[in-house]
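For reference, the structure discussed in these notes is given below.
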Amino acid sequence: MKLIALETATEACSAALYSDGETLERYSVQPRGHADLILGMVDELLSEAGLRLRELDALAFGRGPGAFTGVRIAVGVIQGLAFGADLPVVPVSTLQALAQGAFREQGHGRVLAAIDARMGEVYWGAFTEGPSGLLEPAGEEGVFRPEAVPLPTGSDWFGAGSGWNTYPKVLARHPGRDILHDGERLPRARDIAALAIPMIERGEGLPAEKALPVYLRDQVVRKPA
Amino acid sequence: MRVLGIETSCDETGVALYDTEQGLLGHVLHSQVPMHAEYGGVVPELASRDHVRKVVPLARKLLADSGVTLDSIDGVAYTAGPGLVGALLVGAAVGRSLAFALGVPAVAVNHMEGHLLAPMLESDPPEFPFVALLVSGGHTQLVQVEGVGRYRMLGQSLDDAAGEAFDKTAKLIGLGYPGGPALARAAERGDVSRFRFPRPMTDRPGLDFSFSGLKTFALNTIHQHRDDPNAGADVAAAFQLAVVETLAIKCRRALQQTGLTRLVVAGGVSANVHLRERLERLAEDQGGRVYYPRPELCTDNGAMIAYAGALRLQAGQHEPLSFTARPRWPMDELSPL
């Protein structure tokens, strides 16, 4: 199995190449630099692995939620690459990748991922460790005001993502419970790749034009009265 | 050289194939106009969201319709500006990445250069040098064109573009959005001699335009005659005449100032019948000629991007392994070929 994964939905821009058990990654935190960086990262990874784009089995991407323009950079690049090289695409949740990173690096198996969505809201999702050693969704993702997030019951949850940096007190509002969190954590392409592998194995690859964003915030304009 | 062109700068998604030997092989367009109409204007975020759904399906349709395979494409051109930044980024991301995947060069095209060169796609194209009037919902510019990439800005609108003034005035008359073409239809029923609108900035030298005052004039006139059911059509007729006359006066000045005889008119407003008649009369008086793209290439389209891109790719121009959107990109910053 060989694939390339991209994640550009937050201020972090990253690309990963997974090839038969090995993962190479390029990662850079450079707000507004994603369009400059991302294709160069892909090119470097392919050279380093000695692979051509057409030798891959699939392409994966962080489908959001996140910054609208950022999400569309990964989507647009994936569409162009998949269309040109005739490869299937696999969309992966940016929130799930964020949670997966907290599991991979810090061993947290129950993660509340929150990305600052601006306008007083957060993108929110709860994820728990599944039988495959990957985090799986434990409920629907959504965009919420921080005081309205559906905090799940039970203990041992760990918070990850910029939402925890912006609203540390509100998100951990349940009395008597102090949710540890890492508000600096950003989603990375290597976790997009890890989450994509079983999807590709299950034959869930889509054609290029089905590489589409999931914004969660769909009310972006008010109709005139 | 065969080039795929992608246009996503505003509210139309366009994809086209141009071959330097065989000419235009095909072009397809998806207009978002009905989607934005509900909001009374283009909503940038909705425009971006629609482009990202449409570019690849349109490209597939184009290839199928024209019987061309992706492997035969030698380059990809995409609009990088001017326009809406988020919308531009969609076409740039897909276009640049598609070129990378195909192992062919990509080139970023200036949308206004695309419009300006669109008449070159016709069977009887203008020769350089010429004066170009670019007149659309987003722009009103007079440009002296010596060759590809050799542009001198002669004048431009200091406020609303001519097409924008058409749309805003149509809204005041109650013709909805975008009402430019509806206003032109209403003007046919109107009495053009009843009201006299000013010809902005024609009483002083220079080639700049200002159209926002006409909209205010229209508003006041409608208010003064609000009980008259014919006032709307009469205002439409007087407004249209004022815009056409103003554009014609400036075009005549531009031709006289540059000593040129050929006038190229492109952009959405160049479809206006009265403007065409007026400019043709003007060019005749000056011993010259007017050139237009065919109507479907007057508005935004992929064909003009594929064509301008092909010229630049043929000259060896190409982009690094990155892409940029340039919401403002003055044409006189382009490199000459």
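In what follows, every chain begins at residue 1, and chains take the letters A, B, ... in the order their sequences are listed.
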Atom [atom1] of residue position [X] - does it have more than 12 heavy atoms of other residues, nucleotides or ligands inside 6.0 Å?
X	atom1	result
A/K2	NZ	yes
B/H318	NE2	no
A/E147	CD	yes
A/D86	CG	no

Legend entry - Leading residue by heavy atom contact count with chain B [cutoff under 4.5 Å; candidates A/A208, A/G76, A/P213]: A/G76
Less than 4.5 Å to any heavy atom of chain B: does that hold for the side chain of [X], its backbone, both, or neither?
X	result
A/L81	both
A/V220	side chain
A/L59	neither
A/R54	side chain
A/L212	side chain

Inset, instruction - Examine whether an atom of B/L58 lies under 4.5 Å from a heavy atom of chain A, and if so say whether it belongs to the side chain, the backbone or both; otherwise answer neither. - result: neither
Inset, instruction - In sequence, state the C-alpha distance, the side-chain angles, and the governing distance for A/I73 and B/F323, and then conclude on side chain to side chain contact (heavy atoms under 4.5 Å, CB included). - result: CA-CA 10 Å; A/I73 285 177; B/F323 49 93; 4.0 Å; yes
Legend entry - Pairwise distance CZ(A/F68) to CZ(B/R49) - rounded to 0.5 angstrom: 4.5 Å
Legend entry - A/Q79 vs B/V52, side chain to side chain contact (heavy atoms under 4.5 Å, CB included): CA-CA, chis, key distance, verdict: CA-CA 9 Å; A/Q79 286 186 358; B/V52 86; 4.2 Å; yes
Inset, instruction - Give me the contact list for residues 31-45 of chain A versus chain B, heavy atoms only, anything under 4.5 Å, ordered by residue number. - result: A/A35, A/D36, A/I38, A/L39, A/G40, A/V42, A/D43
Inset, instruction - Output yes when B/E45 and A/R72 qualify as a salt bridge under the 4.0 Å nitrogen-oxygen rule, no when they do not. - result: yes
Legend entry - A/F83 versus B/L70, closest heavy-atom pair with distance: O-CD1, 3.4 Å
Legend entry - Where B/A101 and A/G80 come nearest, the two heavy atoms and their spacing: CB-O, 4.0 Å
